[in-house]
2 protein chains.
Amino acid sequence: MTSPMAARGRDVRRRLTAAAVELIAEKGWSAVSTRMLAERAGVAPGLVHYHFPSLRALLTEAAIGAMREAVAGIEPASDLVDGLLGPLDAYTGRDPVSLVFVETYLAATRDEQVRSAISALVAEFQGKVAGWLADRGVVAPEATAAVLMATIDGLMVHRALNPMARTDLRPVLRRLVEGGAVCGS
Amino acid sequence: MTSPMAARGRDVRRRLTAAAVELIAEKGWSAVSTRMLAERAGVAPGLVHYHFPSLRALLTEAAIGAMREAVAGIEPASDLVDGLLGPLDAYTGRDPVSLVFVETYLAATRDEQVRSAISALVAEFQGKVAGWLADRGVVAPEATAAVLMATIDGLMVHRALNPMARTDLRPVLRRLVEGGAVCGS
DNA sequence: ATGCGCCTTGGACAACTGCCCAAGGCGCAT
DNA sequence: ATGCGCCTTGGGCAGTTGTCCAAGGCGCAT
């Protein structure tokens with residue numbers, strides 16, 4: 001199906017996007033350079049522009065791929081707060097995934113292509129969460145999902161500044177999803 | 001008290017920090033250059049390193065000053081959600097203030113000096129909000145304040161991607177501060 | 001008018017940037 | 001062994017970067 005050379009090419013592509021995710025987190029989106037990328041991926045500098053049309057295209061593809069992957073692993077649990085905070089525990093605000101999320105949010109502000117891609121990703125996941133909330137009888141599931149997602153992203157950012165115990169926060173977050181249902185019923 | 005020359009010097013300093021805030025928002029923290037800054041401030045390039053020891057020092061001072069100023073204007077209202085969302089209405093996620101906040105959060109990840117300054121600023125304001133919450137009988141005021149601040153910052157970021165009506169979100173946010181008090185009483 | 005401080009200018013420096021390209025390597029069919 | 005495609009290399013290009021610095025300007029006391 002594929003020649004050994006083509007397989008090697010695909011491997012280089014993968015190594016470059018992996019290096020991009022690392023470096024976006026470490027240095028920041030606009031501080032990542034082609035030569036940095038090549039060195040981290042263990043390839044020659046010229047390869048970056050052979051496999052990708054531009055540096056921006058590489059960063060965009062890498063970041064969106066990483067975000068899509070991170071979000072794909074989240075499934076509805078019986079306890080929604082625990083289910084959503086579980087992944088959050090792994091994301092300290094200083095890990096690559098958290099930082100790539102925030103860096104990409106900011107990049108979206110300055111690049112329409114990134115903005116539309118991220119916007120779609122967030123909207124899709126938010127819709128999924130809204131569905132889970134609706135199943136549980138939470139009122140205003142759409143708005144609640146929007147607030148819940150924003151809170152999680154905000155907590156990731158704030159935790160990088162000032163690590164806080166997730167356990168203390170859990171009962172407060174529960175108000176978001178229970179306040180509308182339990183309290184009113 | 002001050003000579004005309006010294007006054008001129010102070011004016012240049014102010015123009016440079018103002019330009020820094022604009023450019024951090026427009027281009028991103030690490031994409032701001034000395035010459036960009038000088039041009040925007042209307043001064044010669046060499047002046048940047050006369051008035052500031054380094055580019056990083058200028059960006060840090062400018063960003064922290066802008067954040068301190070933005071936070072200083074927030075006072076407790078009778079309705080806390082309205083009081084905190086009022087300023088949020090002005091911050092669309094694409095205005096200089098919102099972007100400087102997020103950019104500086106990320107810069108704090110890579111610069112210990114920025115991190116400690118921002119951490120103190122956030123902690124101080126969070127403590128103030130926790131006090132307001134405690135006055136209103138909200139349970140777990142500290143944790144609630146932490147979640148509330150994170151939610152507001154998260155909403156700023158998400159609104160830049162996908163503008164959403166603030167009015168729809170307000171009742172959901174109210175659960176955060178009322179769930180603990182009203183529901184239980 | 002001489003000297004002192006502070007502010008300002010514009011250019012120099014080496015290092016780095018994104019992007020491009022001639023030259024070569026490799027696997028494979030002919 | 002010859003040719004074809006894809007992948008790879010390293011260097012070149014023009015432009016930008018942070019930082020520094022000699023030279024000059026200005027207000028003011030002497």
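Chain naming here is simple, since letters A, B, ... match the order of the sequence lines and numbering starts at 1 in each.
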query: For A:Arg115, does the CZ atom sit with more than 12 other heavy atoms under 6.0 Å from it, leaving out its own atoms?
result: yes

query: Can you check the B:Lys27 NZ to D:dT16 C1' distance for me, whole Å?
result: 14 Å

- request: Compare the minimum distances between each of C:dT17, C:dC19, D:dG18 and the side chain of A:Ser33, then state the nucleotide with the smallest one.
  value: C:dT17

query: Could you give the CG-to-P distance, from A:Leu37 to C:dT17, as a whole number of Å?
result: 11 Å

message: Without decimals, in angstroms, what is the distance between A:Arg56 CZ and C:dG18 C1'?
response: 12 Å

- request: Specify the separation, in whole Å, of atom CZ of B:Phe52 and atom P of C:dC7.
  value: 12 Å

- prompt: If you find the nucleotide of DNA chain C closest to B:Leu47 and the one closest to B:Arg35, which residue's nucleotide is nearer the 5' end?
  reply: B:Leu47

message: Return the pairing partner of C:dC13 with a 3.5 Å limit on both distances, Watson-Crick or G-U wobble; otherwise return none.
response: D:dG18

task: State whether B:His51 places a side-chain N or O below 4.0 Å from either non-bridging phosphate oxygen (OP1 or OP2) of C:dT8.
output: yes

- line: When both distances are under 3.5 Å in a Watson-Crick or G-U wobble arrangement, the nucleotide paired with C:dG18 is D:dC13

message: My understanding is that a pair needs two contacts under 3.5 Å, Watson-Crick or G-U wobble. By that rule, which nucleotide pairs with D:dC4?
response: C:dG27

query: At under 4.0 Å between heavy atoms, what does A:Val12 touch on the DNA or RNA strands: base, sugar-phosphate, or nothing?
result: sugar-phosphate

message: So does B:Ala20 get a backbone contact from the side chain of B:Arg40, meaning a donor-acceptor N/O pair under 3.5 Å?
response: no

- request: Rounded to the nearest angstrom, tell me the gap between atom CZ in B:Arg13 and atom P in C:dC7.
  value: 10 Å

- request: To the nearest Å, give me how far apart CZ (A:Arg15) and C1' (D:dC7) are.
  value: 13 Å

query: Among C:dG18, C:dC19, D:dT19, which nucleotide sits nearest the side chain of B:Leu55?
result: D:dT19

Side-chain N,O (A:Thr34) to OP1/OP2 (C:dG18) below 4.0 Å: yes

- request: State whether the number of non-hydrogen atoms from other residues, nucleotides or ligands found under 6.0 Å of B:Arg94 atom CZ is greater than 12.
  value: yes

- line: note: B:Arg10, atom CZ; C:dG5, atom P; distance rounded to Å ~ 20 Å

message: Tell me the interatomic distance from B:His49, atom NE2, to C:dG11, atom C1', rounded to whole angstroms.
response: 15 Å

message: Tell me whether B:Asp95 contacts the main-chain N or O of B:Gly93 through its side chain, where contact means a donor paired with an acceptor under 3.5 Å.
response: yes

- prompt: Do side-chain atoms of A:Arg35 reach the backbone of A:Pro45 as a donor and acceptor pair under 3.5 angstrom?
  reply: no

message: Checking contacts here: which listed nucleotide (D:dT19, C:dC6, D:dT8) is nearest the side-chain heavy atoms of B:Tyr50?
response: C:dC6

